[in-house]
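Residue numbers start from 1 in every chain, and the chains themselves are labelled A, B, ... in the order their sequence lines are given, proteins ahead of strands.
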Amino acid sequence: MHNAEIAAAFRELGTLYELDGANRFRVLAYRDAARTIAESPVPVGELARAGRATELEGIGDTIQEKIVALLDEGEIPAARKLKQRLPATLVELTRLPGVGAKTVRRIYDETGIATLEGLRAAAAAGELSGLRGLGPKFEQNVLAALDRIEAEGDGERRLLSDVREIGAELVAGLRSHAAAGEVILAGSARRWADTCKDIDIVATASDPTALAHALIGHDLIGEAGNPSANGVRARTHNGIAVDLRIVPAAELGNLLQHLTGSAAHNVKLRERAQRMGLSVSEHGIAEIEGDAVTRCADEAGVYARLGLDYIEPELREGRDEISLAERGELPELVTVADIRGDLHCHTTLSDGRNTLAEMAAAARDRGYAYLAITDHSATHGFGDDVQAGDLLRRVDEVAAYNAEHGSRRFRLLAGSEVNIGADGGLDYPDDVLERLDWVIASVHTSFRMSKRRMTDRIVAAVRHPLVSCLGHPTGRLLLRREPYDLDVDAVIAAAAEAGTMIEINGNPSRRDLGDRHARLAAEAGVPIVCTTDAHRTRTLANMDFAVATARRAGLSAKQVANTRTWAQLRKLL
DNA sequence: GCCGTTTTCGGCCCGACTGTTTTCAGTCG
């Protein structure tokens with residue numbers, strides 16, 4: 001059973017307990033455990049069986065036992081018992097925005113309503129406003145929320161690339177307003193998370209209410225709440241929630257820190273502050289015994305007041321960044337400026353949109369010293385396959401390009417993205433691969449294999465002496481396709497032993513390796529390569545996403561191989 | 001249910017907003 005399924009079971013259990021009226025901290029404990037499980041880069045089921053899941057934060061003996069029971073019985077016994085007392089469909093009702101467990105339970109107790117359809121009918125008939133604490137406004141909100149979910153889905157997450165694009169447009173629109181001071185994109189988009197649920201914007205303004213109105217007036221905004229001097233909440237036409245918060249410049253650092261999150265990071269920060277006798281909020285850092293309040297114009301001031309080094313947004317996920325900051329041991333994160341070349345791109349020879357010369361020119365424009373041309377291999381299919389003869393001609397074309405345009409400042413590398421066959425074999429004979437500067441091995445077929453077979457298959461490719469790098473190792477497509485069933489630990493161990501590099505693919509749908517696995521790989525000594533997998537000149541810019549993932553993994557420039565010159569990188573191979 | 005620079009018991013981040021109330025509970029991020 002995968003971490004995601006285990007986590008879902010504990011989220012459900014938390015809600016069932018909440019509906020049952022359990023202590024709210026117990027509910028929180030299940031939610032925290034679910035988050036830890038979903039976040040873990042290692043299979044928590046296996047850990048629990050080995051009695052080691054309690055090493056994870058927020059998982060004690062009780063939850064570990066429940067994980068094992070879930071694996072053995074397909075269900076958590078406590079959840080089964082609760083579902084005998086309460087309809088399981090009540091859990092769905094709590095997912096309606098503005099409708100929580102307390103409200104769902106009261107409605108169920110007083111009317112017997114337990115389904116979304118039942119709730120809609122009762123709200124439409126005005127049957128809920130008779131209940132204590134619920135009025136006509138509540139019924140309107142329920143109907144609106146149901147309509148929105150039907151039209152747009154359940155507050156679904158979106159790719160970071162989509163959210164950053166819309167966020168940047170909104171920020172630019174606000175900055176152009178006469179009342180605007182600072183306007184900054186915050187939240188998960190600022191942390192460069194894989195996916196985002198909403199857009200958070202932090203601002204200062206000479207006339208805050210006017211700036212809040214300016215957001216509502218933006219072309220992208222469809223609906224909005226009540227604007228005030230504190231900001232406004234709104235929603236884009238395509239359904240993304242937008243939260244604008246406005247504060248005096250003297251508190252901008254406090255608010256930016258607060259709204260950048262993550263929630264887990266802020267909770268840990270505030271718990272630590274409490275131990276120091278301090279209370280942290282978006283308005284300042286207050287002494288618990290006393291009146292002094294520290295307001296910070298910038299974030300560095302917030303962390304400094306708490307005795308911490310500045311923590312980059314990409315690291316603020318509530319993992320170990322606070323203890324590292326406390327000890328002055330935060331890594332110096334790799335930046336896009338450190339990257340000296342891209343090692344994964346396609347041209348019109350396979351499925352790319354631009355020619356070799358166009359890709360080379362775009363790479364030079366980005367200031368790169370090298371670009372590896374890595375078109376798909378012989379069995380790629382889709383009419384985009386590159387037979388061995390075509391590839392060898394391409395090697396000559398690369399040599400010709402370098403002879404004519406190459407210099408110490410820039411050169412092309414002859415490469416290939418070679419399919420890994422179902423048996424772990426590669427798509428070209430060794431004497432062809434030997435002609436290449438750079439070989440990426442990737443899986444593009446037969447995704448649904450057993451974990452054992454898929455792991456053996458990829459480990460075999462990683463151990464091949466002519467393979468430089470493993471491409472998009474888990475095959476995940478964010479929000480679209482689950483990763484292959486794969487023992488990532490075993491692949492990392494094999495790469496470390498064989499001296500094979502592993503890619504962080506910067507296609508915003510991939511980000512593969514993901515940040516947590518990339519950290520494990522780097523800790524195992526595997527050189528990481530940040531690439532774009534660009535299929536056109538424009539997407540060479542996706543290096544931002546690859547590097548962001550590396551930063552979220554806590555990687556320094558030294559751990560990213562393509563911060564080196566090509567001559568230095570070659571020595572690592 | 002978890003956890004320990006005060007603790008194996010007694011706490012558990014903090015505030016904004018909403019709708020319903022006559023001072024606050026519920027929900028959310």
Which ones in residues 271-287 of chain A lie close to DNA chain B, meaning a heavy atom under 4.0 Å from one of its atoms? A:E271, A:Q274, A:S279, A:V280, A:S281, A:E282, A:H283
A:F25: which residues meet the side-chain contact (heavy atoms from CB on, under 4.5 Å) condition with it, sequence neighbours left out? A:N23, A:L28
The first and last nucleotides of DNA chain B lying within contact of chain A, meaning any atom under 4.0 Å from one of its heavy atoms, run from B:dG1 to B:dG29
Stretch residues 236-251 of chain A: residues that reach within less than 4.0 Å of DNA chain B through a heavy atom: A:R245
Taking atom C1' in both B:dA16 and B:dG4, compute the distance separating them and give it to the nearest angstrom. 32 Å
Over 60° means perpendicular and under 30° means parallel, so tell me whether A:Y303 and A:Y310 are parallel, tilted or perpendicular. perpendicular
Base, sugar-phosphate alone, or nothing: which one does A:A22 contact when heavy atoms must sit under 4.0 Å apart? nothing
Might you work through the salt bridge (charged side-chain N to carboxylate O under 4.0 Å, His left out) test for A:R519 and A:E317, ending with a clear yes or no? CA-CA 14 Å; A:R519 178 164 178 177; A:E317 294 295 340; over 6 Å; no
DNA chain B contacts among residues 112-122 of chain A, heavy-atom distance under 4.0 Å: none
Looking only at atom C1', what distance separates B:dT6 and B:dT21, rounded to whole Å? 40 Å
Tell me which nucleotide, if any, is Watson-Crick or G-U wobble paired with B:dA25 when both distances must be under 3.5 Å. B:dT18
Contacts of A:A210 meeting side-chain contact (heavy atoms from CB on, under 4.5 Å) (sequence neighbours excluded), chain-then-number -> A:H177, A:A179, A:D207
Which is true for A:I59 with a 4.0 Å heavy-atom rule: it touches a base, it touches only sugar-phosphate, or it touches nothing? sugar-phosphate
Residue closer to the 5' end of DNA chain B, A:V99 versus A:R132 (nearest nucleotide): A:R132
